[in-house]
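Note that ligands are numbered from 1 as they come in the structure, with each ligand's atoms numbered from 1 the same way. It should be emphasised that the depicted structure is a prediction, and the values quoted were computed from it without experimental measurement.
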Amino acid sequence: MVINDQNIELIFNNFNHLAEFESFNELTSGHINDTFFIRTKHINDCNFVLQRINSNVFKNAKELIINKENVSKHIQKKLQHLGPEELNKRVLKFIETKVNLPYYLDEDGDYWNIMVFIEGSKTFEKVENIEIAYEGGKLFGDFSNLTEGFDTNEIVDIIPNFHEMSFRYQQFYDALENATPNRLELAKQCIHQVFSLKEEMHLLQNFKNEGKIPLRITHNDTKISNALFDENNKGLCVIDTDTVMVGIIHYDFGDAIRTICNTAFEDETDLSKITFNLEFYKAFTKGFLEKTHHCISLFDAQNLALAAKTITFIMGLRMLTDFLNNDIYYKTKYKNHNIDRAKNQFKLVDLISDNFEEMNRISIEEYKKINQR
Ligand code: GN1
Ligand code: MG
């Protein structure tokens with residue numbers, strides 16, 4: 001479907017809101033779906049965020065939408081005491097279609113969903129100060145609390161083995177066999193790193209599979225740009241619940257650290273700009289543990305630094321694999337975008353290795369402090 005005013009308005013009007021379409025603009029920060037901000041005509045009406053799910057990546061787009069609606073409903077129940085106005089700022093509110101479906105299916109076979117835009121909210125692509133890191137920690141930690149009690153059987157496994165390292169290695173091996181010599185050459189250094197870290201990068205998965213770390217509902221895409229903040233930079237709401245599945249809390253901790261502590265953007269090509277901000281690590285960990293310490297064991301805490309390393313690595317591995325596959329998964333803006341992303345993530349992995357002992361010390365210190373209160 002061609003994206004233009006007329007078509008977007010038509011899609012928008014399939015949903016059960018009372019608002020009148022004024023204009024739209026595309027929000028381009030995501031790597032997979034197409035997301036549009038919908039401005040409505042009347043000052044008292046809300047604005048909306050409309051999304052077309054990428055059915056190439058998400059084979060169960062319908063179930064994905066149902067998953068996230070159910071998660072929102074679960075959180076809404078838990079936060080009911082806040083009252084409607086506050087509630088609408090703290091959890092995503094999805095709108096059904098005029099025929100009471102949570103999704104709209106267009107003639108191309110693509111699924112759409114829509115949610116209310118939270119007025120006055122903002123996002124950060126990069127963390128500016130310790131306060132934001134701390135607020136981010138509380139917000140993502142609280143997401144774990146708010147999804148507690150959600151029946152895991154109700155969640156459809158939208159991308160099976162999403163954070164499973166052996167699965168991602170297998171995809172990488174397959175990609176290696178089919179990659180062009182030119183791409184193999186450009187990826188040489190990253191490929192070397194993937195082989196050399198293999199054993200360590202499977203540790204977290206082994207702990208999970210041995211039952212040493214409990215399963216729970218996880219968000220699975222806790223980059224800082226998926227957190228909304230209010231005008232005073234206080235954490236408001238976690239967004240992009242597309243990949244909510246069953247996992248371990250380390251996935252969400254690690255993925256958040258990956259973006260919060262990187263002083264550069266995920267695709268910065270000047271690698272000298274990438275440093276690992278330990279102060280932000282400490283602030284995020286403090287906020288996260290304040291919200292989750294009741295369900296985190298000492299063993300869990302001892303593996304938070306490993307989680308940061310593992311999830312940063314798995315992102316690099318997936319970007320590298322996509323590069324070797326000629327860019328079939330992530331949206332790219334230029335030819336070598338994926339390998340630039342991978343190099344960036346692997347540089348961060350190296351920096352995490354350099355800071356590993358200190359990160360572990362901080363994790364355990366914060367864990368003990370909170371449990372002594
Ligand atoms: C993708 O599309 P977006 O930006 O929400 C990806 C995440 C990665 C992220 C990297 C389903 O998320 O796993 O962490 O890019 N989502 C999927 O920025 O693969
Ligand atoms: Mg996402």
- Message: Main chain of Asp110, side chain of Asp106: is a donor-acceptor contact present, judged purely on distance under 3.5 Å?
- Response: yes
- Taking His219 for the side chain and Ile239 for the main chain, is one N or O donor matched with an acceptor at less than 3.5 Å? yes
Could you find the nearest protein heavy atom to [atom] and give me its residue, atom name and distance?
atom                    : result
atom 10 (C) of ligand 1 : Glu266 OE2, 3.4 Å
atom 8 (C) of ligand 1  : Met315 SD, 3.9 Å
atom 17 (C) of ligand 1 : Tyr329 OH, 3.3 Å
atom 15 (O) of ligand 1 : His31 CD2, 3.4 Å
atom 9 (C) of ligand 1  : Lys223 NZ, 3.5 Å

Looking only at distances, please establish whether an N/O atom of ligand 1 is found under 3.5 Å from an N/O atom of [X].
X      : result
Asp255 : no
Asn33  : no
Ser29  : no
Tyr330 : no
Asp221 : yes
Thr243 : no

- Task: Report yes or no: does Arg318 have a heavy atom closer than 4.0 Å to ligand 1?
- Result: yes
- So is Arg258 close enough to ligand 1, meaning a heavy atom under 4.0 angstrom away? yes
Record the part of [X] in heavy-atom contact with ligand 1 below 4.0 Å; permitted values are side chain, backbone, both and neither.
X      : value
Gln345 : neither
Asn220 : neither
Ile32  : both

- Query: Considering all heavy atoms of both residues, which atom of Leu320 and which atom of Ala342 are nearest to each other, and what is their separation?
  - Reply: N-CB, 3.8 Å
- Task: Compute both the distance and the angle, then confirm whether Lys309 meets the cation-pi test with Phe356: under 6.0 Å from the six-membered ring centre, within 45 degrees of the axis.
- Result: yes
Do the side-chain N and O atoms of [X] and [Y] include a donor-acceptor pair separated by under 3.5 angstrom?
X      : Y      : value
Arg90  : Gln76  : no
Asp267 : His337 : yes
Thr263 : Thr275 : yes
Ser272 : Asp270 : yes

- Note on the structure: Per residue Asp221, nearest N, O or S atom to the Mg ion (ligand 2) is named OD2
- Message: Need the atom name: nearest N/O/S atom of Asp240 to the Mg ion (ligand 2).
- Response: OD2
- Query: Is the distance between the Mg ion (ligand 2) and the nearest N/O/S atom of Asp242 smaller than 2.8 Å?
  - Reply: no
- Atoms in ligand 1 with a heavy atom of Phe58 nearer than 4.0 Å: 11 (C)
- Item | Tyr104 vs Tyr111, ring-ring contact (aromatic ring centres under 6.0 Å, His included): CA-CA, chis, key distance, verdict | CA-CA 6 Å; Tyr104 173 71; Tyr111 285 87; 9.3 Å; no
- Would you say Glu26 has more than 12 foreign heavy atoms packed within less than 6.0 Å of its CD? yes
- Presence of salt bridge, Arg373 and Glu290, under 4.0 angstrom: yes
- His31 and Glu266: side-chain hydrogen bond (donor to acceptor under 3.5 Å, both in side chains), yes or no, with the steps? CA-CA 12 Å; His31 297 356; Glu266 184 182 88; 2.7 Å; yes
